[in-house]
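Worksheet for the structure shown next.
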Amino acid sequence: MMKSLQILLLAFLLLGFPPTPPANAATPAAAAVDNQPDTAIALKNYQKQLDTIKQQVSKAHTDNQLSKLFIATQALAIDLEKLVTDLQPEQEKLRAQLEVLGPEPAPGAMAETAAVAKQRTVLDSSKAQLDDAVKRSQAIRANAIALGQQINDLRRVAFKTQLALNTGSILSSDFWGAEEQPPEEDLNRFSDFNQQMLQIWETSWQEEWRYGTVGLLGLAVVIWSLGRYSVERFLAWLCIRYLPDGRLRRSFMALATAMITLFAVTLALNLIELTFSRVQEFSPVVHDFANGVKQLGVFCALIAGLGRAYLSLNRPSWRLAHMENAVASGMRYFPPLLAALALAFGSIEQINNVTGASLKTTVLGNGLVSTLMALVLLAIPLRARHIRHRLVRNGEHVEKRSTLNGVANLLILLFSVVILLSLLIGYVAFARFLVYQLIWIALVLMAFYFLVLFTTDLCAAVFSPHTTCGRALKKSLNFKDRHLEQLTIIFTAISKCSLLLLMIVALLNGSFGTTTPNSLIEKIIAILSGEGLKRLNIVPSNLLNAVIILVIGIYVLRVTQRWLSHELLPKTISDIGIRASLVTLFSNVGYVLIILITLATLGIQWNNLAWIVSALSVGIGFGLQEIVKNFISGLILLTERPVKVGDMIGIGGVEGDVRRINVRATEIQLSDRSTMIVPNSQLISQNVRNATMGNAQGVVTIALTFPVNIDPELVRNILLEAYREYAAILETPAPYVRFSQLGPEGIILSVTGYVASPRMVGATKSDLLFNILKMLRAQQVNLSKPQEVVFMKQRAKELIDEEEHSS
């Protein structure tokens, strides 16, 4: 039968059925073969265009460039689709001709004629080449579509960072174009995502999963509402029963309210995810969406929790902020409203991200989010102001608003107005950035406020001598009240500094919806470890961060200096000099750390500072040696402490009190209240008299000259009595009188006593001289007069001359 069909087919071909084409006409197979070179050249050109677009995408920096490249990829995909459409009829013709020839003869069957075999070979070759061209066209088209999607993703991601990008006012028709005529690609992606979500939802309510779904969803609702309420009531009972009466109850309950809300919402979201993930495994798109919504829900729960803790509507007497009940009641709906809006529109943004929505759709969603958020934020200060004015009109007492509260309300009002103006003139990306930055800053500051109050109150309660914990510490460690007070100050300072560092890192490096506590701690470790010094990466944002860190670091350092000088060290170290030296050393180390952290923020490598070190070496050799010498001498003075703050020293013929030891020089206050600046190197290299080093007592010595005919014992008793009666003279060591000299001018007696400080010597000596002269006059004891002494010298000379003449 097969043999008969082959013969019949050969007869048709030989007899011209179908008719034999003319000599100058080509058969379909020949035509297909002739078109192959043109198709190959076209595909080669299309591939070159795609490669060129890829190279331009890697070099593009603006949205305008990316937009043009996206249009080019769409045009290339259309051309390739047209090419595939044009090649399909040729494929059909070749397939039909091969069907006419039929399958190849089976092994052992009658072989085909040479003409039929040749025709089959030509048709097979043409079909293979045409199929390969179609596959290549489809592959290049798929790559072009994928490249367009990547460009779209780049535009969507860059939209959040290109704050100066003007995408059109929210009142313009271009802005609402994505709503009226959504791009077809977005509709397809949204439809696929919607189908996946509907499939998960319908599967979860099937008979085998229905009861579990109801139970898990019901449990999530119970935890979010009744469970949260019950835990708050239980913690309030624990506060009243076990915590000491005071501020700790209020700060603990405020922080607990925020944390309970956060944990309840987080647990509820995990249960909701479990409800649907147990039915079937999520696709990558749905999985990314679920993770994004969970993370966003945590931040929204934090908004609601901090708002509830700040307002404290259930316990107004425990409210930390000074706020009227009417104002707090009027603001009660704003925190949950902000949280709900952030969760709803943040979920829409998550859908745009996971489905790869176009930039136009992304701009529309961000514009709506920014507008509603800005209106809610604008209503917060206006609502509070309206309630306060109403209370004033009704004659009710209104507490004076603090400066910080007023500044916060003013900033919220200003930010809201700027956001709305930015939306009106078309800067949607900038408006979105301001909205999320304002919410993030408010979250960080409120969390810092609650944590600082709680840690301060906790340290005060733990180390208080009136609490059980404080009494236990006193008993077990043999502490005194001042020791507990010192521990309170130290632990409070450590807690505040740690929280302040965390707050600064969160404000500079965090963002709403993405930053977690783990990421903040990793950033702090990176900053403290100096990883930024391993590379040079100076960009405007790094410069701004470095300036902010420098200003904040200097402020924190000065606050810590005041704390050390006025709070900690006066209660731990009694020596003023040691306290001043410790504060100075702490300041020097603090400034070095601030410089290192600033350099780390700039991203400067140490090897890039080699030229600076070389320049300093040359400068030291020519003109900075004195500064370096004084600096090193200052460090020696602070460590060896031969001269310390508070000492009374003498150098170069002057005497005064050391008031301050700086890096370069030391300030000495003289008796006339003037200040002498002495370079530190002189205090190291010259002879310095330290009147208070080793012995803080002052010596008061008075030498008086009496005539030879006085009673020395009487005068001795008068001098000792004058010293003993003076209150400033110390009893131990006791005053004493010495017979200093017996000469032609008279008897010289010196009396010596001790006072508590060398600074008292001058005033004490003056008062004693007044008293001694008064007592000598009362006992009719005279001092030697200068003229009598001169006369006695002259008379003695005359007597000597007379003896010489007589001899």
By the definition side-chain contact (heavy atoms from CB on, under 4.5 Å), identify the one residue from Val435, Leu438, Ile441 that meets it with Phe415.
Leu438
Can you list, pair by pair, the side-chain donor-acceptor contacts under 3.5 Å of residues 554-566, counting residues two or more places apart and other chains?
from   : atom 1 : to     : atom 2 : distance (Å)
Thr560 : OG1    : Val556 : O      : 2.7
Gln561 : NE2    : Ser587 : OG     : 2.1
Trp563 : NE1    : Glu567 : OE1    : 3.4
Ser565 : OG     : Gln561 : O      : 2.9
His566 : ND1    : Arg562 : O      : 2.9

Taking the side chain as C-beta and beyond, is there a heavy-atom pair between [X] and [Y] under 4.5 Å?
| X | Y | answer |
| --- | --- | --- |
| Val418 | Phe430 | yes |
| Leu683 | Ile661 | no |
| Asn291 | Glu273 | yes |
| Ile439 | Met373 | yes |
| Arg660 | Thr666 | no |
| Pro316 | Leu313 | no |
| Leu311 | Phe334 | no |
| Leu413 | Leu378 | yes |

Non-hydrogen atoms of [X] and [Y] that approach each other most closely:
| X | Y | result |
| --- | --- | --- |
| Arg247 | Asp457 | O-OD2, 3.3 Å |
| Ala461 | Pro244 | CB-CG, 4.1 Å |
| Thr467 | Val462 | OG1-O, 4.1 Å |
| Trp224 | Ala268 | CB-CB, 4.3 Å |
| Ile303 | Pro335 | CG2-O, 3.8 Å |
| Ser347 | Val293 | OG-CG2, 4.0 Å |

Rounded to the nearest 0.5 Å, what separates atom [atom1] in [X] from atom [atom2] in [Y]?
| X | Y | atom1 | atom2 | result |
| --- | --- | --- | --- | --- |
| Thr468 | Tyr242 | OG1 | OH | 12.0 Å |
| Leu375 | Ile380 | CG | CD1 | 11.5 Å |
| Asn325 | Ile387 | CG | CD1 | 11.5 Å |
| Leu267 | Leu262 | CG | CG | 11.0 Å |
| Leu499 | Ile494 | CG | CD1 | 12.0 Å |
| Ser464 | Leu487 | OG | CG | 12.5 Å |

Main-chain N/O of Lys480 paired to His483 side chain as donor or acceptor, under 3.5 Å:
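Confirmed, His483 side chain pairs with Lys480 backbone.
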Other residues, nucleotides, ligands: >12 heavy atoms within 6.0 Å of [X] [atom1]:
| X | atom1 | result |
| --- | --- | --- |
| Tyr229 | OH | no |
| Arg471 | CZ | yes |
| Asn394 | CG | yes |

Parallel, tilted or perpendicular: ring planes of Tyr310 versus Tyr449, cut at 30 and 60 degrees:
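Perpendicular, since the angle between the ring planes exceeds 60°.
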Over 60° means perpendicular and under 30° means parallel, so classify the ring planes of Trp440 and Phe299, tilted if in between.
tilted
Do Leu414 and Leu410 pass the side-chain contact (heavy atoms from CB on, under 4.5 Å) test, and can you show the C-alpha distance, the side-chain angles, and the key distance before you say yes or no?
CA-CA 6 Å; Leu414 179 62; Leu410 182 61; 5.5 Å; no
Who passes salt bridge (Lys or Arg N to Asp or Glu O under 4.0 Å) against Arg388, sequence neighbours left out?
Glu324
Just do the side-chain contact (heavy atoms from CB on, under 4.5 Å) check on Met503 and Leu500 with the steps written out, would you?
CA-CA 5 Å; Met503 182 195 71; Leu500 182 63; 3.5 Å; yes
With sequence neighbours excluded, residues passing side chain to side chain contact (heavy atoms under 4.5 Å, CB included) with Thr257
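Partners of Thr257 under the side chain to side chain contact (heavy atoms under 4.5 Å, CB included) test: Glu232, Met253, Arg308, Ala309.
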As a quick check of understanding, evaluate side-chain contact (heavy atoms from CB on, under 4.5 Å) for Leu458 and Leu248, giving each step before the final call.
CA-CA 6 Å; Leu458 180 63; Leu248 180 60; 4.2 Å; yes
Residues Asp481, Lys474: salt bridge by 4.0 Å N-O rule:
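Judged by the 4.0 Å cut-off on N to carboxylate O distance, Asp481 and Lys474 do form a salt bridge.
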Decide side-chain contact (heavy atoms from CB on, under 4.5 Å) for Ile677 and Glu667; before the verdict, give the C-alpha distance in whole Å, the side-chain angles of both, and the deciding distance to 0.1 Å.
CA-CA 5 Å; Ile677 309 299; Glu667 300 176 4; 3.7 Å; yes
